[in-house]
Amino acid sequence: MQSITTLSEFFQRTGAEVRLFDMGRRVAPFDTTRLAEFEAGDAPWPLPWNGQARLACAFRLGNDASSEPLIWFLALPLDEQGLLVPGPRDAFIERLLETLGRTVETVGRDDAPQIDNLMRDNPLVFTPDLHQQAMLHAQAAHAFAQPTSQHYGLAQAYLIDADANVNWQMLGLQGIADVVVHLQREAEAKLATRIAHLPVEVLRPLCYCMEHCDVVDASLVPLRERAERAAREGDLETLCAIIRALGAGRDPRVGDWYDALLEDDAACGPDVLAAMAARGWSHLEDAQRLPRFLTRLADNPNANFTALVRDLALVPRLRLPVLMTLRQASADSAIGRRLAELEH
C-alpha cells in the first residue's frame with residue numbers, strides 16, 4: 001500500500017471529516033484541493049504570514065457527528081517564492097504515523113487522544129491570538145453544524161438588539177465572534193447603527209473579529225467616523241483596529257480612505273502602516289497606492305521596512321508589484337536610501 005507523505009493524504013486515507021482554515025492574514029476557510037496543490041509544490045501559499053503557511057485543521061474521526069472536532073494549528077515554513085519547505089512537514093507526518101503505529105485506514109474516534117497528544121512539543125505548532133481562536137471556533141462550529149457558544153445570546157442582545165439590560169462587561173469574546181460569523185443582512189444593519197455608541201472596550205474586539213470577514217457596506221461609514229474620532233483623541237489602538245477591520249473588505253472606498261491616511265503626515269505612523277499591510281494588503285494592489293505606501297514606510301525611521309516589505313512580497317499577487325517598485329526607486333528617494341542602508 002502506498003505510504004502517506006502529506007497532510008492531504010492523511011485526512012483522505014483516515015476518512016476524517018475535515019475543515020481547513022487559513023490562519024495567517026485572516027481566519028478563512030481553505031479548500032482541501034488547494035492544500036493538496038500546495039503540498040505537491042504546484043502552488044504557493046496564497047496569503048503567507050511571517051514566512052509561514054498558518055493552517056488550522058479541524059477534523060473528526062469516526063462516525064459520531066456530535067463529537068467535538070480536534071484542531072491542529074500548524075505553521076509550515078515557506079521559501080522565498082511562498083512554496084512549502086517540505087522537510088518539517090515530512091517529519092511531522094513521520095511522527096504522526098509512528099504515533100498511530102498501524103495503518104491509518106483503521107484510525108477511529110478512540111485514537112483522538114493519541115493524535116491530539118502528538119501536538120505537544122511539536123515544532124510546527126503555533127498558538128493563535130485570542131481573537132483568531134475565537135473566530136476559528138465560531139467558524140468551525142458553523143462548518144460542523146454545531147451550536148454557538150454560551151456567550152452568543154448576550155452578545156447578540158447587546159450588539160444587535162441594543163438590550164439596555166445587558167452591560168458590555170457581561171460580554172465574552174467568543175460571543176462577539178459568534179455574532180460576527182452569524183450576521184445576517186438585517187442584523188448587519190442594526191449593528192451598523194450601534195457602532196457610534198459602542199465603548200472602545202467592545203469596539204476593539206468587534207473590529208478584531210470583523211477583520212476576518214468582509215465588512216458590510218452599512219458598517220463602513222460609521223466605522224470610519226469612529227476611526228476619525230479615535231485619531232482626534234489620540235486613540236491609536238482603536239484607529240488601527242478599525243483600519244484592520246475595514247481593510248478586510250473589498251469596498252473601493254477603503255482604498256480611498258487609505259489614500260487619505262497616506263497623505264496625512266500626522267496619521268502615517270508605523271502602527272498605521274503595519275495595520276494597512278496586515279489586513280489591507282488587497283487595497284495595496286494599486287499602481288499608485290503601493291508606491292506611496294512603500295515610500296511612507298521607507299521614510300519612517302520607526303517602521304520595520306525590511307520585515308513588512310518581505311512579508312508583502314510573499315503575497316503572490318503583490319510580489320511582482322513590490323519588487324518592481326523597489327527596483328524602479330531612484331537612489332535619492334526614500335526607498336532608494338533604505339535599500340542602500342541594507343546593502344551596507
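Hydrogens, waters and symmetry mates play no part in the numbers below; they use all other heavy atoms, side chains included.
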W72 and F10 aromatic ring geometry - parallel, tilted or perpendicular at 30°/60° bounds: parallel
NZ/NE/NH1/NH2 to OD/OE distance under 4.0 Å, R296 and D264: no
Least distance between heavy atoms, L261 atom then A267 atom: CD2-CB, 3.9 Å
Minimum side-chain heavy-atom gap C207-L223 below 4.5 Å: yes
Test item: H212 and Q132 side chains (from C-beta on) under 4.5 Å apart, heavy atoms: yes
D161 and V166, any side-chain heavy atoms less than 4.5 Å apart: no
Steps toward side-chain contact (heavy atoms from CB on, under 4.5 Å) verdict (Q146, E68): CA-CA 9 Å; Q146 293 186 314; E68 289 282 333; 4.1 Å; yes
Neighbour count >12 (heavy atoms, 6.0 Å) for atom CZ, R224: yes
Backbone of S8 reached by a side-chain donor or acceptor of E39 within 3.5 Å: yes
L290 versus P321, closest heavy-atom pair with distance: CD2-CB, 3.6 Å
Chi angles and distances behind the side-chain contact (heavy atoms from CB on, under 4.5 Å) call for W45, L84: CA-CA 8 Å; W45 191 256; L84 175 67; over 6 Å; no
Other residues, nucleotides, ligands: >12 heavy atoms within 6.0 Å of H142 NE2: no
More than 12 heavy atoms from other groups under 6.0 Å of CD on Q12: no
Single-linkage hydrophobic cluster, 4.5 Å side-chain cutoff, V179 and L198 together: yes
CZ/R253: more than 12 non-hydrogen atoms of other groups inside 6.0 Å: yes
Crowding at CD, E80 (>12 non-hydrogen neighbours, <6.0 Å): no
Same apolar cluster: W49 and V309, side chain cutoff 4.5 Å: no
Greater than 12 external heavy atoms within 6.0 Å of E285's CD: yes
Approximate separation, where rounding is to 0.5 Å, of Q52 CD and L76 CG: 8.5 Å
From CG (D22) to CZ (R34), nearest 0.5 Å: 8.5 Å
Side-chain ion pair, E341 and R337, N-O less than 4.0 Å: no
Any donor-acceptor N/O pair, R26 side chain to C213 backbone, under 3.5 Å: yes
H151 vs I176 side-chain heavy atoms within contact, under 4.5 Å: no
Taking every non-hydrogen atom, the tightest pair across G249 and D214: CA-OD1, 4.2 Å
Criterion side-chain contact (heavy atoms from CB on, under 4.5 Å) on F11 and T32, from CA distance to verdict: CA-CA 9 Å; F11 290 125; T32 53; over 6 Å; no
Flag side-chain contact, heavy atom, 4.5 Å: F305 against L339: yes
Step-by-step side-chain contact (heavy atoms from CB on, under 4.5 Å) determination, L96 to I4: CA-CA 10 Å; L96 173 60; I4 291 176; over 6 Å; no
Common cluster, L173/I71, ILVMFWY with side-chain heavy-atom separation under 4.5 Å: no
Backbone of A138 reached by a side-chain donor or acceptor of D178 within 3.5 Å: no
Cluster overlap V125 with F59, hydrophobic side-chain contacts below 4.5 Å: yes
Other residues, nucleotides, ligands: >12 heavy atoms within 6.0 Å of Q184 CD: no
Atom of G247, atom of S282 and distance for their closest heavy-atom approach: O-OG, 4.1 Å
L47 reachable from M135 in the ILVMFWY side-chain graph, under 4.5 Å edges: yes
Inter-residue atom distance M170.CE - L154.CG, 0.5 Å rounding: 5.0 Å
pair R226-V200: side-chain heavy atoms closer than 4.5 Å: yes
N167 side-chain N/O to Q169 backbone N/O, donor-acceptor pair under 3.5 Å: no
Main-chain N/O of D42 paired with E37 side-chain donor or acceptor, under 3.5 Å: no
Within-4.5 Å side-chain heavy-atom neighbours: L159 and V202: yes
SB check R204 D235 (cutoff 4.0 Å): yes
Cationic tip of R194 above Y158 ring, under 6.0 Å, 45° of axis: yes
Taking every non-hydrogen atom, the tightest pair across P291 and I335: O-CD1, 4.4 Å
Candidate pair R289 and D259, rule salt bridge (Lys or Arg N to Asp or Glu O under 4.0 Å), full reasoning: CA-CA 7 Å; R289 193 173 300 128; D259 287 336; 2.8 Å; yes
Any donor-acceptor N/O pair, R89 side chain to P77 backbone, under 3.5 Å: no
Side-chain donor or acceptor of Y258 paired with backbone N/O of I243 under 3.5 Å: yes
Straight-line distance of R338 CZ to T306 OG1, nearest 0.5 Å: 7.0 Å
Lys/Arg N to Asp/Glu carboxylate O, K190 vs E186, below 4.0 Å: yes
Candidate list N122, L136, L124, test side chain to side chain contact (heavy atoms under 4.5 Å, CB included), partner F73, passing option: L136
Point-to-point distance, once rounded to the nearest 0.5 Å, from CG of N300 to SG of C268: 8.5 Å
Donor-acceptor contact present, side-chain R279 to main-chain E211, <3.5 Å: no
Audit row: T5, E9, side-chain hydrogen bond (donor to acceptor under 3.5 Å, both in side chains) steps and yes/no: CA-CA 7 Å; T5 59; E9 292 172 355; 3.2 Å; yes
Inter-residue atom distance L297.CG - N304.CG, 0.5 Å rounding: 8.0 Å
NZ or CZ of R60 within 45° of F144 ring axis and under 6.0 Å: no
Sub-4.5 Å side-chain heavy-atom contact between I93 and L7: yes
Over all atoms of both residues, closest heavy-atom pair of A278 and R244: CB-NH1, 3.8 Å
